[in-house]
Amino acid sequence: MAGIGNIFLGDDGFGPEVMSRLPPNLAGPDVRLCDYGIRGVHLAYDLLDGWDSLVLVDALPCRDRPGALHVFEADQESLSSTSGLDAHAMDPAAVFASVRALGGSPPYTVVVGCEVATVTDGIGLSEPVAAAVPGAVAAVEAAVARLSAPVREG
């Protein structure tokens, strides 16, 4: 599980804030929790270790409802269509492109994202995004439970 975002750009710090609120017992032998912040290349290299799945917690562009939560499967093919390794980019597309440039394949990825109100300079989340953090924590816990559940043959 990876939280990404820049805590110095207002609501872009959503991922790190959610990661700081996750219960420590969520981590285990098969679940790693890490706040990657703006270290996209670090995440890309870690993904080369053969992760089965990834829960990515990130801020999303505001469509019309700051604080709105969205949980969805990442479309890695379209997100990683850019090529090359970019040590300065930190978004899912750049991370997945970096993984591919390094010779790997991104794992199945669930995104828990929140529409931002502002990404201007400053530390701290806006009121609507801060209010979405508990729901995001619950969404992350549900995603981890679903991804960790044994597959039943039917």
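Hydrogens, waters and symmetry mates are skipped; everything else that's a heavy atom, side chains included, is used.
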Please give me the minimum heavy-atom distance between [X] and [Y], naming the atom from each residue.
{"X": "Ala136", "Y": "Val18", "result": "CB-CG2, 3.8 Å"}
{"X": "Asp46", "Y": "Trp51", "result": "O-NE1, 3.1 Å"}
{"X": "Ser98", "Y": "Ala44", "result": "CB-CB, 3.7 Å"}
{"X": "Val57", "Y": "Met19", "result": "CG2-SD, 4.3 Å"}
{"X": "Ser126", "Y": "Thr118", "result": "CB-CG2, 4.5 Å"}
{"X": "Ser53", "Y": "Leu147", "result": "OG-CD1, 3.8 Å"}

In the structure I gave you, are the side-chain heavy atoms of [X] and [Y] within less than 4.5 Å of one another anywhere?
{"X": "Val95", "Y": "Leu56", "answer": "no"}
{"X": "Phe8", "Y": "Ile38", "answer": "no"}
{"X": "Arg39", "Y": "Leu43", "answer": "no"}
{"X": "Leu47", "Y": "Pro107", "answer": "yes"}

Results of salt bridge (charged side-chain N to carboxylate O under 4.0 Å, His left out) for Arg32 - residues two or more places apart only: none
Spacing of CG belonging to Leu26 relative to CE belonging to Met1, to within rounding of 0.5 Å: 4.5 Å
Value rounded to 0.5 Å, distance of NE2 in His42 from CD1 in Ile4: 13.5 Å
Hphob cluster co-occupancy, Tyr36 + Leu9, side-chain heavy atoms under 4.5 angstrom: no
Shared hydrophobic cluster for Ile7 and Val137 (ILVMFWY, side-chain gaps under 4.5 Å): no
Counterpart residues, side-chain hydrogen bond (donor to acceptor under 3.5 Å, both in side chains), relative to Ser20 (two or more places apart): none
Contacts of His70 that satisfy ring-ring contact (aromatic ring centres under 6.0 Å, His included) - sequence neighbours left out: none
Qualifying salt bridge (Lys or Arg N to Asp or Glu O under 4.0 Å) pairs, either residue in residues 110-128, two or more places apart: none
Salt bridge (Lys or Arg N to Asp or Glu O under 4.0 Å) contacts in which one or both residues fall within residues 11-27, not counting sequence neighbours: Glu17-Arg21
Other cluster members, Val116 - Ile/Leu/Val/Met/Phe/Trp/Tyr, side-chain contacts below 4.5 Å: Val119
Sole residue of Val112, Leu60, Thr109 in side-chain contact (heavy atoms from CB on, under 4.5 Å) with Phe72: Leu60
